[in-house]
Amino acid sequence: MTEEQKAYLQRNLHNVQEKELNILCIVTDICNRNGIEYWLDGGTLLGAVRHKGFIPWDDDIDICIKDTDTKRFIEIMQRELPENLFLQTSETDAYYNLSIMKIRDNNSLFIEFCDDFTRPYHKGIYIDIFPMTDYPNVSKKFCHWVTGGYCKSNTILHKHHLYSIRSVAELFWFGMKRACTSLLWRIANIFCKKGTYYATLIENNGLGFMHRKDAVFPLSTISFEGKEFSCPNNPDIYLTEQYGNYMQLPPEDKRDVHAIFYVPEL
C-alpha cells in the first residue's frame, strides 16, 4: 500500500467508524427489543477496555451472538433493519461465499484485499456478527490444530481456481484435510464434555480461540464511544485468552487495518 493510500484511509477513518457505530447502535436496539443477547468481541471489546472506543487505527466492529439465536437473529434483522442496511450471509447474498455474517450499509463502499470484483456481492461498510457455541473440553493445542486446519482448507476450497494438475491435487489434499478435521471435531463434540468453553463456530475460528464460558455469562455492559453496549462479564479473562497482554500497544508496523479503500458515503 502506498503512502498516499494510507493517508487517504487515515483521513476518512473517522467517517467509517461513525458509520459502523451507527450500524452497531441500530443492531443493539433491535436485539434489545427482541430479547437477543449479543456482546462486543475481538478488537471492539479490546478498544472499549483500552481506549473507551475504537482502537485508533481500527476500521471494523465485531459482535457475537449465541448460536441458538442465529435463526431468529436473521429473521428479525431481515424484517426490522432500515432500508439502507443489508444482512449478508451466503443465503441472503448468492455471490457471497464467506461464513461470517455481516450487516452492511449499502450507501457506502468498503474494499479489502480479499474482495473479488468478478462477483457482485454487497461491499458496503459493515459490522461482523459471529455466532458462538459450546465447545468440547479439549486442549487448546488440539482446538488450534483442528480449527486452524479446517479453516485453511475451507478457505482454499472456496477460492476460484484455474485448473491444472497441481490445482486438482491441492483441491484433493485440502478436501481430505477438511473432511478429516471436521470428523475429528464431530468426534470431540460427541465424546468430550461441554460447558467450560465457548467460542465461534469452527468455520470462523482459524486461530483456535476458546473462551471460558463463565467469563462470558452473565453478560455485563461497557462504554464504547460514549454509549453502553453488552460485553462479557469478565473482559480481562476474555481478552487475555485472545490477545495475551492486551493493554500493550502493538508496534506501528503491526497496526493492521482491513480496508484498502473505502467511500463512507455514496
Side-chain angles (χ1 to χ4, degrees), residues 15-45 47-48 54 58-133 151 154-155 158 198-206 216 219 224-225 227-231 258-259 261-266:
N15 291 333
V16 171
Q17 291 174 339
E18 280 194 335
K19 198 81 129 174
E20 292 167 345
L21 181 61
N22 182 60
I23 298 172
L24 176 61
C25 289
I26 291 170
V27 171
T28 294
D29 183 54
I30 295 173
C31 285
N32 290 343
R33 286 203 312 268
N34 290 279
I36 295 177
E37 290 188 304
Y38 79 94
W39 58 98
L40 303 187
D41 180 57
T44 309
L45 179 62
F54 282 99
D58 199 11
D59 59 3
D60 84 331
I61 283 179
D62 300 319
I63 66 170
C64 292
I65 61 171
K66 295 178 180 178
D67 180 41
T68 50
D69 283 335
T70 301
K71 182 178 179 182
R72 196 160 68 91
F73 179 89
I74 291 172
E75 291 172 350
I76 289 169
M77 290 298 159
Q78 287 183 299
R79 185 173 67 243
E80 298 192 20
L81 283 174
E83 193 172 308
N84 65 302
L85 298 185
F86 175 74
L87 175 68
Q88 185 177 46
T89 70
S90 56
E91 284 74 37
T92 62
D93 188 339
Y95 295 97
Y96 179 72
N97 61 8
L98 298 181
S99 56
I100 303 170
M101 275 197 297
K102 298 177 183 288
I103 293 180
R104 291 192 183 262
D105 184 319
N106 284 333
N107 295 333
S108 61
L109 185 65
F110 190 99
I111 305 302
E112 302 178 73
F113 287 102
C114 60
D115 275 318
D116 181 354
F117 278 87
T118 69
R119 300 168 66 85
Y121 53 84
H122 294 250
K123 296 182 177 71
I125 290 170
Y126 64 85
I127 69 170
D128 283 325
I129 301 98
F130 295 95
M132 291 184 75
T133 189
C151 288
N154 210 35
T155 298
H158 276 87
Y198 211 58
T200 58
L201 303 180
I202 181 175
E203 56 266 30
N204 294 327
N205 197 5
V216 181
L219 295 176
F224 181 85
E225 296 295 332
K227 302 176 186 295
E228 292 294 311
F229 298 99
S230 295
C231 73
H258 296 79
F261 180 74
Y262 37 61
V263 181
E265 196 72 44
L266 294 176

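Count residues from 1 along the sequence. Since we're looking at a predicted model, the values are computed, not measured.
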With respect to Ile129, which candidate in Ile63, Val27, Asp41, Ile61 satisfies the side chain to side chain contact (heavy atoms under 4.5 Å, CB included) definition? Ile63
Inter-residue atom distance Met77.CE - Ile26.CD1, 0.5 Å rounding: 10.0 Å
I want to check something: taking the side chain as every heavy atom from C-beta on, are Leu24 and Lys227 in contact at a cut-off of under 4.5 Å? no
To the nearest 0.5 Å, what is the distance between CG (Asp59) and OH (Tyr126)? 7.0 Å
All heavy atoms of Phe229 vs all of Cys25, minimum pair found to be CZ-SG, 3.9 Å
Could you measure the distance from the OH atom of Tyr96 to the CZ atom of Arg119? Nearest 0.5 Å is fine. 11.5 Å
Mind checking the OG-CD1 spacing from Ser230 to Ile36? Nearest 0.5 Å is all I need. 12.0 Å
Asn32 side chain near Tyr38 side chain, heavy-atom distance below 4.5 Å: yes
Please walk me through it: do Phe117 and Ile111 pass side chain to side chain contact (heavy atoms under 4.5 Å, CB included)? CA-CA 10 Å; Phe117 278 87; Ile111 305 302; 3.4 Å; yes
Might you point out which heavy atoms bring Ser108 and Pro264 nearest each other, and give the distance in Å? CB-O, 3.4 Å
Check: Glu20 and Phe110 side chains under 4.5 Å, non-hydrogen atoms: yes
Nearest-0.5 Å distance, CD of residue Gln88 to CG of residue Asp93: 4.5 Å
Within this structure, what is the CD1-CG distance for the pair Ile103 and Asn106, rounded to the nearest 0.5 Å? 11.5 Å
Stacked cation flag Lys123 on Tyr121, 6.0 angstrom / 45 deg: yes
Which atoms form the tightest heavy-atom contact between Gly124 and Arg104, and what is the distance? O-NH1, 2.6 Å
Does atom CD of Glu83 have more than 12 heavy-atom neighbours, drawn from other residues, nucleotides or ligands, at distances under 6.0 Å? no
Closest approach of Met101 to Ile65 (non-hydrogen atoms, all atoms of both residues): CE-CD1, 4.1 Å
Could you pull out all residues at least two apart from Tyr262 that satisfy side chain to side chain donor-acceptor pair (under 3.5 Å)? none
Looking only at heavy atoms, what is the nearest atom pair of Gln17 and Asp58, with distance? NE2-O, 2.8 Å
Flag the pair Lys19 and Glu265 as a salt bridge only when some basic side-chain nitrogen lies within less than 4.0 angstrom of an acidic carboxylate oxygen. yes
Is the shortest side-chain heavy-atom distance between Glu18 and Phe54 below 4.5 Å? no
Would you name the heavy atoms of Asn107 and Asn84 that are closest together and state the gap between them? ND2-CB, 3.5 Å
Among Asp62, Ile100, Asn205, Asp67, which residue satisfies the side chain to side chain contact (heavy atoms under 4.5 Å, CB included) criterion with Thr200? Asn205
Is there side-chain contact between Glu80 and Arg33, with at least one heavy-atom pair below 4.5 Å? yes
